[in-house]
Amino acid sequence: MCGIVGVAAQRNILPILIEGLKRLEYRGYDSAGVALLQNIDNGNEPTKLAIQKAVGKVVGLVDKTIENPISGLTGISHTRWATHGKPTELNAHPHRSGPIALVHNGIIENHSALRDALKKKGYEFLSETDSEVMVHTIADFCSQGHDLKSAVQEALATFKGAYAIGVVSENEPHRVIGARQGSPLVMGIGIDENYIASDPLALRQVTDRFIYLQENELVEITPTSYHIYDSNGEEIQRDVVQLTEVQENLDKGEHRHYMIKEIFEQPSVIQNTLHGRISEDRILEESFGAEARDIFDKVEQIKIIACGTSFHAATVAKYWFEEWAGITCTVEIASEYRYRKVTTAPNTLFVTISQSGETADTLAALSKAKKLNYLASLAVCNVPNSSLVRESDIAFMTHAGTEIGVASTKAFTTQLVALQLLVIAIGRRYEITEEREAKLVKQLHSLPRLCEQLLALNNDILEMSHAFTEKHHTLFLGRGVHYPIALEGALKLKEISYIHAEAYPAGELKHGPLALIDSDMPVVAVAPNNELLEKLKSNLEEVQARGGKLFVFADKDAGFKDDGQTTVLNIPHCEESISPIIYTLPLQLLSYHVAVNKGTDVDQPRNLAKSVTVE
Ligand code: AGP
């Protein structure tokens, strides 16, 4: 989704602004832009704003800055993911009003009313965006005699909605103002230069020291100073966080796309997620943090909230909590939960799951839950220091490493691993016996090796993928805990190959979807050798009887045979406790190969963003 970078320095900052945007590219965007305060003639001329924008990738913006070179000591840059108005140069940020330029992430809900009022005052609008009202509103306060900081403060009080902004003015050439409400913004501290960004990742090439702005805070940076203000305009102090994570290698290496690199990283990142959290036969509860034990002792129910792939992980965890531990667990999509009246049972642990930790709906759900009577909040998350981690009582990190591909792969399987550890930690207080725990942990130890075996099937799956390339619809089927795996398989296929894909619990077939079956509708089935296998087989016979083509990911002993109507991919045998994780991998590979066959933009599929920081 949209990205912001801002810099106040004593050297030409164009390279920092551009590199920052490149580092945020993976989040998804459709246009990019930069605004620099150009100090023409070494300060003998007044400072002028220079703005350049390009539709498409950051590289297009770079080409423009080469054709018409610009430089400056202060500036802002932006990648835009269109919400209000198409991806055009006029709609791209920065937006300008007289001497002022602004970049914005988020949505201003009262933009129509503000636009009408500003038009009446003579402001001319060049774009269809909601963001442009912000820059004119700030300019309007400046024209009434406010300096840039106080004009921004006054303007913010008029906006309803979510924002993170960066603002510069020709009249204050060494200053950048940033502010946030509902969208993330950090400040980076350098040596004789300071920065703002929507994600610290954008600035890791220039600093490792950050201040995470809280809701409704405003920051003013110059090359040698920074000041943070709360919503009352009072200056406040915030702790500096030094990021110590080892810098990952964020290039694609030998791989053609990030997605396939990340699929193949799963054995090692699953190992990383288990590391230090299990002994030979027990889980190490201390790894949940010092406060966890007291909280877990009181848990009577679980509520899990998430979006997209993370919601599918939640759904798997529901089966585990109820089947293994005998603990009631309800799961819900965050965007639904946040807007409805809810009831809470006593001693319910509120769990959120998010790869990014910045998903707007999940954060809003957490904020709502904190006002309700939950026992505590626990986040399963992949990004240290993300908003979700900072705002939850307990954070349990997945150690998937940075996930660049928009389609979540390694984040999902590491979420399942982390959730399984959580189920055992709480479940040992209920129906999970020591003996059962030892068996579960033994299976977890075997996971990385089994994942390697699955990835060795890559070429077989590539071959299978050709049968899907020309199709327009696909149905995914699973039963029990493998139904959410079918959901995840369908989501992967639709988001990167643009083939319509739906998932159903196989038992639901005859209640409607069976009407869709014909020889043109591939049906993918997840078929481990478990107690539901015979039921699943009956469902698949219903498909065959109607001429449907089956693609079955089946345990090698499940008894499926390849014939003209059925293609079988034999999966090595694994225990039921880890099979949802194991069966995910071939479905990821299938989607990947279908997308590559179709020639889509695998890592940045159309219309999607990696981190959904707006509603
Ligand atoms: C996954 O492939 C998707 N891109 C998407 O559904 C994602 O899982 C969802 O937006 C939630 O993101 P989060 O895990 O960062 O909160």
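All values reported here derive from a predicted model rather than from experimental measurement. When a ligand or atom number is given, it counts from 1 through the structure's own listing order.
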Task: Structural part of Glu495 in contact with ligand 1, heavy atom criterion under 4.0 angstrom - done: side chain
Open item on the list: Can you confirm, on distance only, whether ligand 1 has an N/O atom lying under 3.5 Å from any N/O atom belonging to Val406?
Closed with: yes
Open item on the list: Can you name the atoms of ligand 1, numbered from 1 with element, that are less than 4.0 Å from a heavy atom of Ser354?
Closed with: 13 (P), 14 (O), 15 (O), 16 (O)
TODO: Identify, by atom number and element, the atoms of ligand 1 in contact range of Ser310, meaning under 4.0 Å from any of its heavy atoms.
DONE: 8 (O), 13 (P), 14 (O)
- [ ] Could you tell me whether Lys492 approaches ligand 1 through its side chain, its backbone, both or neither, with non-hydrogen atoms closer than 4.0 Å?
- [x] side chain
Task: Glu470, CD: over 12 other non-hydrogen atoms inside 6.0 angstrom - done: no
Open item on the list: Just checking Glu128: does its CD atom have more than 12 heavy atoms from other residues, nucleotides or ligands closer to it than 6.0 angstrom?
Closed with: yes
Open item on the list: Using heavy-atom distances only, which candidate in Thr309, Thr359, Asn382 approaches atom 12 (O) of ligand 1 most closely?
Closed with: Thr359
Task: Atom indices of ligand 1, in the order listed, that fall short of 4.0 Å to a heavy atom of Ser408 - done: 1 (C), 2 (O)
Task: Distance-only side-chain donor-acceptor flag, Asn105 / His78, under 3.5 Å - done: yes
Open item on the list: For Lys370, is the NZ atom crowded, meaning more than 12 foreign heavy atoms sit under 6.0 Å from it?
Closed with: yes
Open item on the list: Any donor-acceptor pair under 3.5 Å linking the side-chain atoms of Thr344 with those of Asn373?
Closed with: no
TODO: Going by the salt bridge (charged side-chain N to carboxylate O under 4.0 Å, His left out) test, name the single residue among Asp603, Asp601, Asp30 that passes it with Lys57.
DONE: Asp601
TODO: Using side-chain contact (heavy atoms from CB on, under 4.5 Å) as the criterion, point out the one residue from Leu454, Val316, Leu416 that pairs with Ile581.
DONE: Leu416
- [ ] Considering only non-hydrogen protein atoms, determine which one is nearest to atom 9 (C) of ligand 1 and report residue, atom name and distance to 0.1 Å.
- [x] Cys307 O, 3.7 Å
TODO: Describe, in one word, how the ring planes of Phe288 and Phe296 are oriented to each other, choosing from parallel (under 30°), tilted (30 to 60°) and perpendicular (over 60°).
DONE: perpendicular
- [ ] Any atoms of ligand 1 less than 4.0 Å from a non-hydrogen atom of Ala407? List them with their elements.
- [x] 2 (O)
- [ ] Kindly confirm or rule out an N or O of Thr362 lying under 3.5 angstrom from an N or O of ligand 1.
- [x] no
Open item on the list: I need the nearest protein heavy-atom contact for atom 10 (O) of ligand 1: residue, atom name and distance, please.
Closed with: Val612 CG2, 3.8 Å
Open item on the list: Ser356 versus ligand 1: do any nitrogen or oxygen atoms come within less than 3.5 Å of each other?
Closed with: yes
